[in-house]
Amino acid sequence: MFDTPHVPLPAKPGIGYKPQHFAAILDDPGAVGWLEIHAENYMGAGGRPIAQLRQLSERFPVSVHGVGLSIGGEGRLDPDHLARLRQLCGWLNPASFSEHLAWSTHDSAFFNDLLPLPYTNATLARVCAHIDELQEVLGRRMLLENPSSYLAFAESSWDEPAFLAEIARRTGCGLLLDVNNVFVSATNLGYDPRRYVGDFALDAVGEIHLGGHDEDHDDHGAPLLIDSHGAEVADPVWALLDHTLALSGPRPVLIEWDTDVPDWPVLEAEAARAAAALARVAA
Amino acid sequence: MTGLVADFLPALRDAARPAPDGVTDGAGRPAGRRFDVYRNNVAVSLIAALETGFPALRSLIGPENFRHVARRFAAGHPPASPLMMYYGQGFPAFLAKLGALAHIPYLPDVARLELALRDSYHAADHVALTPDALAAIPPERLEHTRLAPAPSVRLLRSDWPVSAIRAFAIRDDAPKPAGGGQDVAVLRRGFDPEPVTLPAGGHAFLRALQAGEPLGKATELGARAAPDFDPGALLGLLLAHDALCQPEERQ
């Protein structure tokens with residue numbers, strides 16, 4: 001339809017790229033077959049970040065993951081930010097571009113967090129219009145990621161898998177299934193994560209995310225998991241990955257580790273564990 | 001449609017407010033402290049961005065004080081764009097008005113220097129003017145030659161020895177700051193910006209070059225600021241730091 005020619009992400013493990021790992025990755029990437037960057041960190045005019053990204057992109061497929069477009073926001077998409085995304089995707093021609101089902105900006109104030117949305121027909125129409133616009137601007141299909149949820153909106157009239165499937169159907173976008181987010185949301189809101197995955201439009205999934213979470217409790221003593229990206233992927237999330245891959249078949253699987261970033265061998269070991277999970281479904 | 005933003009935002013920005021109506025724990029009970037996760041994420045992420053961006057400031061007032069000050073700043077000054085690398089432009093002015101830190105009057109200038117370093121880090125690359133290229137300009141044309149400072153050059157004037165204060169704050173081996181004000185140029189050779197103290201007249205000279213003035217006029221402005229201004233010595237310093245651009249080919 002509007003896809004700029006590019007090499008897609010391989011069905012291998014990738015990692016969220018951190019500059020402190022630059023030399024180690026080039027030296028020996030181990031199980032890591034591709035890299036993901038946060039778009040907003042590479043929107044400066046030049047300097048080391050851009051130079052490193054150019055160098056890495058010559059060796060690895062790169063996925064650009066936006067964290068600041070506010071696709072679910074009530075206002076129009078920020079034209080300046082759209083232009084910056086187009087510029088980045090233009091020179092880099094990444095293997096994939098993804099963003100979140102969330103909002104983060106209002107009246108040009110940016111909240112630096114992925115804020116939740118009620119799943120209503122009004123939200124659906126707004127999100128679809130924004131994705132149409134973004135895909136038009138980028139000239140490529142994007143992936144939309146499921147959020148981690150700490151609360152629910154009483155007015156929601158869709159469940160999340162159906163809501164995302166309908167967005168994909170209407171806009172032609174693909175989906176990014178964050179398995180840790182599924183586990184976090186399912187625990188926090190009291191539903192079955194396997195059923196969520198079973199209801200998910202797996203044919204549209206172009207990438208899977210994994211990350212670590214923290215454990216807390218709500219006012220009633222119920223478990224409240226926080227999507228912190230600051231630890232190893234938890235065992236039940238690895239199990240949910242196996243369950244997902246058994247249904248979906250092999251997909252690109254990303255390890256996200258954004259806070260208290262570990263040394264390279266620790267991160268690479270997580271990628272190796274994802275490689276083993278992928279090998280089990282490929283066999 | 002609900003006023004998502006109208007309901008959500010005031011509670012997000014003010015921890016004293018209850019969670020908005022219409023958000024629940026998934027079992028129909030009010031969201032309560034579940035909403036605090038979002039409040040906390042916003043505050044913590046902005047504080048972390050300021051901690052990363054202002055390490056010398058943090059060292060000077062201590063991590064606890066810094067977190068407190070950063071939290072207050074972040075609450076009233078959300079980022080104006082998703083480019084967190086530029087967050088904190090208003091931090092020096094905020095610090096200058098903060099009564100609790102008025103006894104450390106150089107803090108705003110240290111913050112300005114740290115902003116300038118970060119800004120320089122992300123600035124556009126350039127092809128540096130070489131000493132040979134400068135030497136090849138015929139002497140009679142030098143006065144009329146325009147030399148553009150690199151896009152990563154930032155200039156700062158301070159009534160304090162701001163660069164020495166910053167170094168003392170973040171480096172174990174730095175000497176105790178002494179003396180009065182400093183004119184500082186942030187110069188980026190390769191990818192690592194470095195604060196360089198300018199000789200008297202140097203600030204006026206570089207400002208003139210940034211404004212597109214030819215060398216003759218810039219030298220005149222430098223000498224007006226400091227009678228013993230030595231343009232040759234300053235040009236040597238700038239060349240050593242790759243701080244000037246190779247002129248575009250014009251034939």
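Throughout, protein chains are lettered first and strands after them, A, B, ... in sequence-line order, and every chain is numbered starting at 1. The figures here come from the full heavy-atom set of this structure, side chains too, leaving out hydrogens, waters and symmetry mates.
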Quiz item: Do you know which of A/Asn121, A/Asp107, A/Asp80, A/Leu224 has the most heavy-atom pairs with chain B at a distance under 4.5 angstrom?
Solution: A/Leu224
Quiz item: Would the number of heavy atoms belonging to other residues, nucleotides or ligands and lying under 6.0 Å from CD of A/Gln87 be above 12?
Solution: no
Quiz item: Charged N to carboxylate O below 4.0 Å: is that the case for A/Asp218 and B/Arg33?
Solution: no
Quiz item: So how far is it from B/Asn41 CG to A/Ile226 CD1, rounded to the nearest 0.5 Å?
Solution: 7.0 Å
Quiz item: Roughly how far, to the nearest 0.5 Å, is the CG atom of B/Asn40 from the OH atom of A/Tyr150?
Solution: 10.5 Å
Quiz item: So what's closer than 4.5 Å to chain A heavy atoms on B/Ala31: side chain, backbone, both or neither?
Solution: both
Quiz item: Side chain, backbone, both or neither: which part of A/Ser148 has a heavy atom under 4.5 Å from chain B?
Solution: backbone
Quiz prompt | B/Arg34 side chain reached by A/Leu189 side chain, heavy atoms, under 4.5 Å | solution = yes
Exercise. Would you mind telling me which of A/Pro116, A/Ala222, A/Ser156, A/Ser104 has the largest number of heavy-atom pairs within less than 4.5 Å of chain B?
Key: A/Pro116
Quiz item: Where on A/His38 is there a heavy atom nearer than 4.5 Å to chain B: the side chain, the backbone, both, or neither?
Solution: neither
Practice problem: Check B/Tyr38 against A/Leu114 and note the closest heavy-atom contact, atom names and distance. | Solution: CE2-O, 3.9 Å
Quiz item: When you look at CD of B/Gln89, are more than 12 heavy atoms from neighbouring residues, nucleotides or ligands closer to it than 6.0 Å?
Solution: yes
Quiz item: In Å and rounded to the nearest 0.5 Å, what is the CD to CG distance from A/Glu155 to B/Asp21?
Solution: 11.5 Å
Self-check item: Smallest separation among heavy atoms of A/Asp113 and B/Val42, with atom names
Solution: CB-CG2, 3.8 Å
Quiz item: By a 4.5 Å heavy-atom criterion (distance strictly below it), what part of A/Asn188 contacts chain B: side chain, backbone, both, or neither?
Solution: both
Quiz item: What do you reckon, is CZ of B/Arg39 surrounded by more than 12 foreign heavy atoms closer than 6.0 Å?
Solution: yes
Exercise. Among B/Ala123, B/Pro151, B/Pro78, B/Pro193, single out the residue with the greatest number of heavy-atom pairs under 4.5 Å to chain A.
Key: B/Ala123
Quiz item: Would A/Ile50 and B/His122 count as a side-chain contact (heavy atoms from CB on, under 4.5 Å) if you check the C-alpha gap in whole Å, the side-chain angles of each, and the deciding distance to 0.1 Å?
Solution: CA-CA 9 Å; A/Ile50 306 279; B/His122 293 287; over 6 Å; no
Exercise. Quick one: which of A/Ser70, A/Gly44, A/Ala152, A/Gly68 has the most heavy-atom pairs under 4.5 Å with chain B, could you say?
Key: A/Ala152
Quiz prompt | More than 12 heavy atoms from other groups under 6.0 Å of CG on A/Asp263 | solution = no
Practice problem: Would you check if A/Trp103 and B/Phe8 make a side-chain contact, meaning some heavy-atom pair closer than 4.5 Å? | Solution: yes
Quiz item: For the candidates B/Gly26, B/Pro79, B/Ala124, which exhibits the highest count of non-hydrogen atom pairs separated by less than 4.5 Å from chain A?
Solution: B/Pro79
Quiz item: Which heavy atom of B/Thr24 sits nearest a heavy atom of A/Ala154, and at what distance?
Solution: CG2-CB, 4.3 Å
Quiz item: Rounded to the nearest 0.5 Å, how far apart are CE of B/Met84 and CE of A/Met43?
Solution: 14.0 Å
Self-check item: Distance, nearest 0.5 Å, that separates CG of A/Asn112 from CD1 of B/Ile47
Solution: 11.5 Å
Quiz item: Take atom CG in B/Asp173; do more than 12 heavy atoms of anything else shown fall under 6.0 Å from it?
Solution: yes
Exercise. For residues A/Phe110 and B/Pro82, determine if any side-chain heavy atom of one lies less than 4.5 Å from a side-chain heavy atom of the other.
Key: yes
Self-check item: Basic-acidic side-chain contact under 4.0 Å: B/Asp192, A/Arg48
Solution: yes
Quiz prompt | Partner chain B: residue of A/Pro49, A/Gly190, A/Ser228 with the largest heavy-atom pair count (under 4.5 Å) | solution = A/Pro49
Quiz item: How close do A/Ala51 and B/Phe191 get, heavy atom to heavy atom, and via which atoms?
Solution: CB-CZ, 3.4 Å
Self-check item: Nearest heavy-atom neighbours spanning A/Ala45 and B/Tyr86
Solution: N-OH, 4.2 Å
Exercise. Indicate the atoms forming the closest heavy-atom contact of B/Met85 with A/Glu40, along with that distance.
Key: CE-O, 3.0 Å
Quiz item: Can you tell me if CZ on A/Arg86 sees more than 12 non-hydrogen neighbours from other groups inside 6.0 Å?
Solution: no
Quiz item: Between CZ of A/Arg84 and CG of B/Leu83, what distance do you get to the nearest 0.5 Å?
Solution: 4.5 Å
